[in-house]
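Heads up: the structure comes next, in structure tokens.
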Amino acid sequence: MANLGSSSRDGFSSKFGVIAAAAGSAIGLGNIWRFPYVLGESGGGAFLLLYLFFIIAFGVPVMTSELLIGRKAQKNVFGAFKSLAPGKPWFLVGTMGVLAAFLILSFYSVVAGWTIEYVYLAVKGSLSGSPDEINMIFEEFKASQFWPYFWTIVFLILTALIIVGGVKNGIEKYTKILMPLLFILIIVLDVKALLLPGAGKGIEFLFKPDFSKINGEVILAAMGQAFFSLSIGMGVIATYGSYIPKSQNLGKTALSVSLTDTLIAVLAGVAIFPAVYAFGMAPEQGEGLVFKVLPNIFNQMTGGYVFSVMFFVLLTIAALTSSISLLEVIVAYLSEEYGMKRSYAIWATTLVVSVLAMLCVYSVKVFGSFDFISSNVLLPLGGVLIVLFVGYVMKKSEVRAELEAHGKKVVYFDIFYFIVRYIAPVAIMFVFLNGVGVINFG
Ligand code: TRP
């Protein structure tokens, strides 16, 4: 997203371009790494139901709200709040988003670093052996005093280099070809996983809700996962919205990005859980889950070598299209609010994030709390503020006009407006307070 700060706004070359870029931000490690591991730790099917509910009930409305704020203002998130509500502190949503971006980028690069290590291991052909040996590969790598740090830095530098390159050649070009390819690979993995002996138990774990597993923490985790996976609640999507032409239907865009993102997460689950059971593993492996499970499937596939290399390469690229959206938030903030030179802002941010990321490699506690604070605290709070802004600060007529700017009446307006004004703010706050134990409804 180059030239964010300049007067001639650099747009996307095609309608598909923006959707691809927004989807590129949404689809990433959140779908393939985070979703299965959090679901595995949260008891399976009941978590999935909650997650789907949050995507539809809050995810789509919050994403629509972000898109409409950005497109209405024709500015990135800070400028947007400043110009739509001059003199009021709404831009703090953007500031909170910047904080969240720092935290997310820090632990995200660590996991992306693991992914690069797995590219390397896949190329070397060393992802073979029994499930126990595969397990050890991950544990030994994580215990190393060098490689996890090294790959994290490599990933951050790659992210920075792409941002230096700018919007069209940076984001759009890769996303359009590579994400569909990743999708196809996941489908291949699904088919293979479903054919494994004992796959049924995994499918049951994923799709059969066990309601006794639900508690306040699980509900909050499902909501946090929905926000994280959709990249909402911190203004990234508002910035993309500012590039969407008026001729495009925003509600439809939000819905298609959300559904694509959700489909990929669920399909990743369909690949992983049958394999978990088929290879005699447990779903609550924690953050190493995907890395411990998938190599076992590749090992059983004809052409597994090629598939594994391709898969980890594509996953790294998916992580990059997400991390660039995170870095861009920070860089836009520094360059537009403080007049910092973009290249300086990019490298200074990369340096700071590198230090934070090193702390995440060093300590699982830091890693876990960065993840928790961003996904389960900052994003939901950002989401609440965003819907409150659309519901109470903007005029109803303005909101409607923006959603109908493509020239057709939208049938969902009343329900959207109702959710944004009354349901989402209350419900998100409730889930949040209940999940962190401030109020207690179990
Ligand atoms: N949604 C991305 C994923 O699933 C991660 C991400 C990118 C993100 N940008 C974000 C999360 C902004 C929250 C906010 O991998």
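Just so you know, residue 1 is the first one in the sequence shown, and it goes up from there. Bear in mind that the values here come from a model prediction, so they are computed numbers and not experimental data. Both counts, for ligands and for their atoms, begin at 1 and track the order of listing.
Scanning all protein heavy atoms for the shortest distance to atom 6 (C) of ligand 1 gives S231 OG, 3.5 Å. Residue, atom and distance of the protein heavy atom nearest to atom 14 (C) of ligand 1 are M234 SD, 3.1 Å.
With hydrogens and angles left out, the side-chain atoms of S375 and Q225 include no donor and acceptor closer than 3.5 Å.
Contact annotation: for A26 versus ligand 1, heavy atoms closer than 4.0 Å belong to the backbone alone. Contacts of I104 with ligand 1, taken as heavy-atom pairs under 4.0 Å, involve the side chain alone.
Interface of S25 with ligand 1, defined as ligand atoms under 4.0 Å from a residue heavy atom, comprises 1 (N), 2 (C), 6 (C), 7 (C), 9 (N). Taking every non-hydrogen atom of S325 and a distance limit under 4.0 Å, the qualifying atoms of ligand 1 come out as 7 (C), 9 (N). Near L379, meaning under 4.0 Å from one of its heavy atoms, ligand 1 places the atoms 13 (C). Near L326, the atoms of ligand 1 lying under 4.0 angstrom from a non-hydrogen atom of the residue are 7 (C), 9 (N), 10 (C), 12 (C). The ligand atoms of ligand 1 that sit less than 4.0 angstrom from a heavy atom of S229 are 1 (N), 4 (O). Against a heavy-atom cut-off of under 4.0 Å, V236 is close to the following atoms of ligand 1: 12 (C).
The shortest N/O to N/O separation between G30 and ligand 1 falls below 3.5 Å. Looking at F228 next to ligand 1, an N or O pair under 3.5 Å apart turns up. For ligand 1, the polar-atom distance check against I27 finds no nitrogen or oxygen pair separated by under 3.5 Å.
Classified by interplanar angle (parallel below 30°, tilted 30° to 60°, perpendicular above 60°), the ring pair F47/Y51 is parallel. Relative orientation of the F298 and F311 rings is tilted, given thresholds of 30° and 60° on the angle between their planes. Using cut-offs of 30° and 60° on the angle between ring planes, the pair F291 and F138 is parallel.
Geometrically, K82 engages F91 in a cation-pi contact defined by less than 6.0 Å to the ring centre and at most 45° from the axis.
Y108 counts as a contact of ligand 1, since one of its heavy atoms falls under 4.0 Å from the ligand.
No donor-acceptor distance shorter than 3.5 angstrom exists from the side chain of N135 to the backbone of K292, with no hydrogens or angles considered. A donor-acceptor pair is defined here as one N or O able to donate and one able to accept, closer than 3.5 Å; such a pair exists between the side chain of W33 and the backbone of E287. One N or O on the side chain of Y108 and one on the backbone of L29 form a donor-acceptor pair closer than 3.5 Å.
With respect to E328 and R342, a salt bridge is recorded, a charged nitrogen being found less than 4.0 Å from a carboxylate O.
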